[in-house]
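To find a chain, count down the sequence lines: A is the first, B the second, and so on, and within it residues start at 1.
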Protein chains: 2
Amino acid sequence: MVAGPLPAPSGPGKDRLRLWIRLLRATRTIEAELRERLKKEFDTTLPRFDVLAALYRVPEGMLMSDLSRFLLVSNGNVTGIVDRLVSEGLVARARRNGDRRTSMVRLTEEGTKSFATIAAAHEGWIGELLGKVSEEDARRLTGMLTSFRSNWEGRE
Amino acid sequence: MVAGPLPAPSGPGKDRLRLWIRLLRATRTIEAELRERLKKEFDTTLPRFDVLAALYRVPEGMLMSDLSRFLLVSNGNVTGIVDRLVSEGLVARARRNGDRRTSMVRLTEEGTKSFATIAAAHEGWIGELLGKVSEEDARRLTGMLTSFRSNWEGRE
DNA sequence: ACATAAAACTTTAAGCTTGAAATATCTTAC
DNA sequence: GTAAGATATTTCAAGCTTAAAGTTTTATGT
């Protein structure tokens, strides 16, 4: 998967395989760096940050299943992360009258402040880590990935 | 992190942030699909496949620390994955005369055969999943990611 | 109304992941 | 030759991750 300096493969489809390998390595490298900085600077993790970021956009809150879908992770996974965020006081579960199976998850005031701080640093890090990508390349690449994504929407 | 349809952010550095979010979402989507297929079709996992792929390139074997560096994961992580591959008979540890701290890890015959089969399917899946990316775009994107990567070499 | 199905969520078991501490071996400096 | 440090690896605790099974609540069909 994360193959690197291979005896360059060739043949049909090899260009896409190579692209995938590069994509994966680049993503993992950046992810590792972000994870490390989140830990060192804010004593938190990427999954927690992801959840906070998702909730920050929606003051009224989200259902667990919305979070799961949005973050592309399993239901049970979200349960654990939200549990920890609740115990840290950054997030709150609110029972709903209409449907007692569900609860709205939203940021607490502390969670909102905390996320704002971390997000500012995060944006700076990304600017630094992707610094060598020109703005033009960034937009072009984003475009390619977007069209790729639309090819995938509603797959499962 | 995996933010999606946000009220599109704007300002300096926002293009790179958006690029990162897209990159991460695309990678995770493909990764999830590969993981699922590896499980369903071959009853294995992505990390195991990564290790087999790394070893396949080097018949004489690799040290644990080489594997760790190459795969961009921690030392302790590799220990666990290799342990499981050994117990499955796909990989073998060989003590070395020179340095008794280290051992060479290499594919067994069964491991080699197993990987060849899985890798063929894997390449097909990538061709399918990235099918909408033209060969030309694939090469261009790969180029961008490569220059990005060289910006990162020898960071840590 | 009542059984059945569907939906939202949690729990569980197994495996992946990291950073830090512990072991064992080798190298270097005196 | 021996102490001190460097290397290679494993172990450990905590957390992330998934798929599958379980629980509770709501919706549907008759």
Would you say [X] reaches [N]'s phosphate, i.e. side-chain N/O to OP1/OP2 under 4.0 Å?
X	N	result
B:Thr102	D:dT7	no
B:Ser65	D:dT9	yes
A:Asn77	D:dT18	yes
B:Arg100	C:dC26	yes

**OP:** Check step by step if salt bridge (charged side-chain N to carboxylate O under 4.0 Å, His left out) holds for A:Arg28 and A:Glu33.
**Re:** CA-CA 8 Å; A:Arg28 286 190 183 177; A:Glu33 186 68 25; over 6 Å; no
Could you tell me the separation between the [atom1] atom of [X] and the [atom2] atom of [N], rounded to a whole number of Å?
X	N	atom1	atom2	answer
B:Ile81	D:dT9	CD1	C1'	15 Å
B:Leu38	D:dT17	CG	P	18 Å
A:Met104	C:dA8	CE	C1'	13 Å
A:Leu46	C:dG19	CG	C1'	16 Å
B:Leu67	D:dT10	CG	C1'	15 Å
A:Lys40	C:dG19	NZ	C1'	9 Å
B:Asp83	D:dC12	CG	P	12 Å
B:Leu63	C:dT25	CG	P	16 Å

**OP:** Flag yes if more than 12 heavy atoms outside B:Tyr56 fall under 6.0 Å of its OH atom; otherwise flag no.
**Re:** no
Checking contacts here: which listed nucleotide ([options]) is nearest the side-chain heavy atoms of [X]?
X	options	result
A:Arg93	D:dA8, D:dT10, C:dT10	C:dT10
B:Asp99	C:dA6, D:dT17, C:dC26	C:dC26
A:Glu36	D:dA19, D:dT10, C:dG19	C:dG19
B:Val73	C:dG15, C:dA6, C:dT18	C:dT18

Original post:
Mapping A:Met64 and A:Ala32 to their closest nucleotides on DNA chain C, which lands nearer the 5' end?
Top reply: A:Met64
If you look at every strand shown and take non-hydrogen atoms under 4.0 Å, does [X] touch a base, only sugar-phosphate, or nothing?
X	answer
A:Asn75	base
A:Arg69	nothing
B:Ser74	base
B:Arg96	nothing

Subject >> Pair B:Thr102-B:Arg96, side-chain donor/acceptor within less than 3.5 Å >> reply: yes
Subject >> Flag for B:Thr142-A:Arg18: side-chain donor and acceptor within less than 3.5 Å >> reply: no
Solution key, residues 111-119 of chain A side-chain donor-acceptor pairs under 3.5 Å, sequence neighbours excluded:
unit_1, atom_1, unit_2, atom_2, d
A:Thr112, OG1, A:Thr108, O, 2.9
A:Thr117, OG1, A:Lys113, O, 3.2

**OP:** Please figure out whether B:Arg35 or B:Ser103 has its closest DNA chain D nucleotide nearer the 5' end.
**Re:** B:Ser103
Original post:
Looking at B:Val91, B:Val82, B:Leu38, B:Leu85, which one forms a side-chain contact (heavy atoms from CB on, under 4.5 Å) with B:Arg48?
Top reply: B:Leu85
Subject >> Presence of donor-acceptor pair under 3.5 Å, side chain of A:Arg101 and base of C:dA7 >> reply: yes
